Amino acid sequence: MTRKRYFIEGVVQGVGFRPFVYKIATSLSLAGYVKNTSSGVEVELQGSTEAIKDFDKKLTYQLPPLAHIDKIQTSFIEINPSEEKFTILESENSCSKTTLVSPDISVCNECLEDLKNGRFKDYFATNCTNCGPRYSIIKTLPYDRKNTSMSKFEMCDECQKDYNDPNSRRYHAQPVSCTKCGPKLSATIEKTAKKIMDGKIVAIKGIGGFHIVCDASNDEVIQKLREFKNRPTKPFAIMCKNLQSVEKLASLNLKETELLESHERPIVILNKKQNTLISNFIAPS
């Protein structure tokens with residue numbers, strides 16, 4: 001019988017890391033706990049030496065898609081004979097806040113499926129531990145719902161059930177919400193789209209901030225936006241539905257394609273094609 005303590009640093013909060021640890025530990029019949037701290041994740045495991053060795057292998061090679069470990073410190077500690085099961089504990093706060101927070105992540109395929117029916121049907125803020133906002137909603141560490149811009153939205157019974165279930169991909173997904181309990185749209189998507197097509201500039205508030213949006217093919221409205229933002233020449237970012245839409249506007253190499261299709265979906269600077277529908281005022285230089 002062995003008991004081992006782990007301090008794990010890296011991108012290990014808000015990415016499904018604790019339920020990942022929970023599933024491995026329970027599958028190996030290990031007792032102990034896992035919890036978030038302001039500097040990472042703390043784990044204590046108790047069980048057979050062989051089971052703990054198996055845990056170490058799986059911890060390294062079976063990480064959740066968005067998790068990244070930078071450093072692991074371990075030590076063997078005294079056995080706790082009264083501990084018989086593995087649990088997920090409440091997060092621990094401290095004055096020192098050094099853990100890494102994941103960037104916002106593009107919607108995953110599972111959540112895209114959820115948009116088709118059920119309580120997430122057409123819900124604009126659908127997310128889980130594999131996708132959705134992270135960095136843009138956090139106010140302080142550790143990454144818990146009470147420390148994010150979602151703190152004012154009380155979860156409905158169904159969302160609360162998912163949030164508390166280590167076997168759900170929405171377990172402790174801090175922005176989790178649905179059409180019943182989450183943020184609501186103040187105007188329909190159709191009405192907003194019509195305003196954009198009519199040459200209006202629209203401020204769209206998401207969970208983590210505002211998008212200032214207008215029609216990228218309209219010279220007049222883009223010049224007006226440049227005046228409002230006092231940005232005479234700096235390029236604006238263009239939102240495209242998919243890679244096929246991007247290829248109509250710009251030339252792509254393999255690396256640029258990989259970036260555009262990555263989890264983070266970052267803004268990527270590309271060589272624009274000539275004679276597209278996009279206004280020359282988007283990137284005048």
Side-chain angles (χ1 to χ4, degrees), residues 103-109 111-117 120-127 131-137 148-150 152-153 175 177-179 182-253 256-285:
D104 293 5
I105 298 297
S106 174
V107 61
C108 67
N109 291 330
C111 282
L112 286 175
E113 283 297 311
D114 288 343
L115 289 172
K116 296 176 181 177
N117 51 58
F120 299 106
K121 181 172 171 51
D122 294 333
Y123 180 53
F124 72 98
T126 301
N127 68 88
C131 68
R134 297 290 190 282
Y135 188 83
S136 65
I137 66 170
T148 73
S149 61
M150 289 299 291
K152 65 177 74 174
F153 295 97
S177 59
C178 69
T179 51
K184 303 290 192 290
L185 294 175
S186 58
T188 66
I189 291 172
E190 290 77 13
K191 283 183 179 177
T192 307
K194 186 177 186 309
K195 286 187 177 183
I196 293 168
M197 297 308 293
D198 288 344
K200 305 294 185 185
I201 297 170
V202 180
I204 301 176
K205 189 179 190 304
I207 290 174
F210 282 93
H211 272 312
I212 309 299
V213 183
C214 70
D215 178 3
S217 65
N218 186 323
D219 288 352
E220 186 179 342
V221 73
I222 293 166
Q223 287 177 298
K224 190 184 294 183
L225 181 59
R226 289 201 173 279
E227 290 175 23
F228 288 161
K229 291 184 68 68
N230 191 25
R231 185 183 284 184
T233 58
K234 186 177 179 181
F236 287 135
I238 303 170
M239 290 188 288
C240 292
K241 182 178 180 180
N242 50 37
L243 207 60
Q244 290 71 35
S245 300
V246 178
E247 288 172 334
K248 293 176 182 178
L249 309 177
S251 303
L252 287 170
N253 62 32
E256 290 161 349
T257 302
E258 287 175 358
L259 284 168
L260 287 170
E261 293 187 318
S262 67
H263 290 305
E264 294 82 3
R265 299 287 200 276
I267 296 170
V268 181
I269 298 174
L270 305 173
N271 289 316
K272 62 182 178 181
K273 291 180 178 177
Q274 300 300 314
N275 303 318
T276 68
L277 291 175
I278 295 302
S279 167
N280 287 327
F281 293 107
I282 288 287
S285 301

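None of the values given here were measured: they were computed from a predicted structure.
- The 12-atom threshold is not exceeded at CG of N271, counting heavy atoms of other residues, nucleotides or ligands nearer than 6.0 Å.
- Without hydrogens or angle criteria, R231 side chain to E227 main chain gives no donor-acceptor distance under 3.5 Å.
- Nearest heavy-atom pair, P103 versus E264, reported as atom, atom and distance to 0.1 Å: CG-CG, 3.7 Å.
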Quiz item: Could you walk me through whether K121 and T179 pass the side chain to side chain contact (heavy atoms under 4.5 Å, CB included) check?
Solution: CA-CA 8 Å; K121 181 172 171 51; T179 51; over 6 Å; no

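- Put simply, the side chain of K184 gets close to the backbone of G182: a donor and an acceptor are under 3.5 Å apart.
- Distance OG/S186 to NZ/K191: 10.5 Å, rounded to 0.5 Å.
- The closest side-chain heavy-atom distance from R226 to P284 is below 4.5 Å.
- For the atom pair CG of L270 and CD of E256, the computed distance is 5.0 Å after rounding to the nearest 0.5 Å.
- Shown here for P183 and S177, the closest heavy-atom pair between the two residues is CD-OG, 3.9 Å.
- Nearest heavy-atom pair across N127 and P175 is ND2-O, 3.1 Å.
- Few gaps surround CG on N253; more than 12 heavy atoms of other groups in view lie less than 6.0 Å from it.
- For the side chain to side chain donor-acceptor pair (under 3.5 Å) criterion with D198, the lone passing option out of K200, K194, K195 is K194.
- Going from atom CD of E247 over to atom CG of L252 covers 5.5 Å, rounded to the nearest 0.5 Å.
- I222 CD1 to F236 CZ: the interatomic distance, rounded to the nearest 0.5 Å, is 8.0 Å.
- S245 OG to I238 CD1: the interatomic distance, rounded to the nearest 0.5 Å, is 11.0 Å.
- We find the CG-CZ distance between D114 and F120 to be 6.0 Å, quoted to the nearest 0.5 Å.
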Donor-acceptor pairs under 3.5 Å, side chain of residues 203-218 to any protein atom, not counting sequence neighbours: which ones?
residue, atom, partner, partner atom, Å
D215, OD1, S217, N, 2.9
D215, OD1, S217, OG, 2.8
D215, OD2, S217, OG, 3.1
N218, OD1, E220, N, 3.1
N218, OD1, V221, N, 3.1

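- Crowding of L115 atom CG: a count of heavy atoms from other residues, nucleotides or ligands under 6.0 Å exceeding 12.
- Checked by atom type, the side-chain pair D104/S136 shows a donor-acceptor distance below 3.5 Å.
- When all heavy atoms of A250 and K273 are compared, the closest pair comes out as O-CE, 3.5 Å.
- The closest donor-acceptor contact from the side chain of K272 to the backbone of I278 lies at 3.5 Å or more, if one exists at all.
- Of all the heavy atoms in L260 and P266, the pair that sits closest is CD2-O, 4.3 Å.
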